[in-house]
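Heads up: the structure comes next, in structure tokens.
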Amino acid sequence: MRIGPYEVEIFSDGTFKLDGGSMFGVVPKVLWERHKPADEQNRVEMDMNCLLIRDADHVIVVETGAGPKLTDRQRLIFGIDKPPALLDQLARRGVRPEDVTLVVNTHLHFDHAGGNTFLHDGEPVATFPRASYVFQKVEWEDAMRPNERTRASYLAADFAPLEAAGKLELVEDSVELLPGLRVDRLQGHTRGTQTVRVSHGTETLFFSSDFMPDRHHLPLPWIPAFDLFPLETLEAKRLVIRRAIDERWTVGFTHDLPRFGRIDEHEGKARFIESD
Ligand SMILES: [Zn+2]
């Protein structure tokens with residue numbers, strides 16, 4: 001879709017699976033499994049969505065999926081049975097890795113930053129050789145020094161090599177990266193998670209990040225157990241969902257089907273309506 005000078009597309013790098021209980025936090029399984037059926041290991045399947053944002057001078061990729069570096073064991077655990085689609089999806093749209101000018105990760109978990117790098121002679125190197133990579137400074141700090149709770153989600157090969165290559169663009173809080181294209185830090189899922197907004201006039205496109213990973217997380221208390229600051233996720237959702245309804249934002253989610261839509265209110269509840 002077009003927002004001012006930008007053409008914005010959403011596509012999936014592929015699907016992966018996480019424990020359904022972890023995805024829905026305090027919500028009982030009898031409620032969430034009506035929306036997301038679990039497999040025999042209690043996992044639910046989700047897409048790993050990316051955005052391609054282009055104007056005359058810039059090619060921006062938001063999120064890079066799980067990437068090509070996972071081990072067979074990691075692929076088995078996360079139910080990833082297909083190769084990552086990121087580079088094929090870009091090629092289909094006429095974009096080569098060297099065309100990309102900016103990469104934005106909403107946060108540095110492996111399912112968002114895995115395609116940032118690939119192994120060349122056994123060493124991880126930047127997938128997009130001309131791009132700067134934009135993350136929140138505190139996300140970088142937390143990812144580089146994970147603790148016992150966060151360690152499983154951060155794989156250093158996805159982001160650490162970018163520093164030596166001089167490709168880091170660390171930002172703080174809310175920043176306009178290009179006219180009408182902004183990132184906003186939203187502490188909740190992690191300390192340094194950021195959302196992405198593209199605006200022109202009264203039009204806004206919003207990409208959620210994992211503080212609201214899909215349409216099933218629109219009810220305020222439906223918050224993943226993964227979130228490090230769940231009460232801040234709650235308050236952020238209250239504000240963002242209200243604005244998205246009132247200002248008729250176009251919304252894309254990180255872990256829903258790769259579709260844009262709008263949020264409206266139906267019988268007092270927020271509801272996602274996919275665009276045609
Ligand atoms: Zn995620």
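Both backbone and side-chain heavy atoms feed into the values below; hydrogens, waters and symmetry mates do not. Position 1 is the first residue of the sequence, and the numbers go up from there. Both ligands and their constituent atoms are indexed starting at 1 by order of listing.
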I'd like to know whether Glu63 forms a side chain to side chain donor-acceptor pair (under 3.5 Å) with Thr106, so could you lay out the CA-CA distance, the side-chain angles of the two residues, the decisive distance to 0.1 Å, and finally the verdict.
CA-CA 7 Å; Glu63 314 286 54; Thr106 61; 2.7 Å; yes

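- A donor and an acceptor atom, one from each side chain of Asn116 and Asn105, are located under 3.5 Å apart.
- The nearest N/O/S atom of Asp111 to the Zn ion (ligand 1) is OD2.
- Under the 4.5 Å side-chain heavy-atom criterion for Ile, Leu, Val, Met, Phe, Trp and Tyr, Trp222 and Leu18 are members of the same hydrophobic cluster.
- Nearest N/O/S atom of Asp210 with respect to the Zn ion (ligand 1) is recorded as OD2.
- Checking His255 against the Zn ion (ligand 1), an N/O/S atom falls under the 2.8 Å cut-off.
- Under 4.0 Å is where a charged nitrogen must lie from a carboxylate oxygen, and between Arg182 and Asp184 at least one such pair does.
- For the Zn ion (ligand 1), the set of nearby N, O or S atoms under 2.8 Å includes one belonging to His112.
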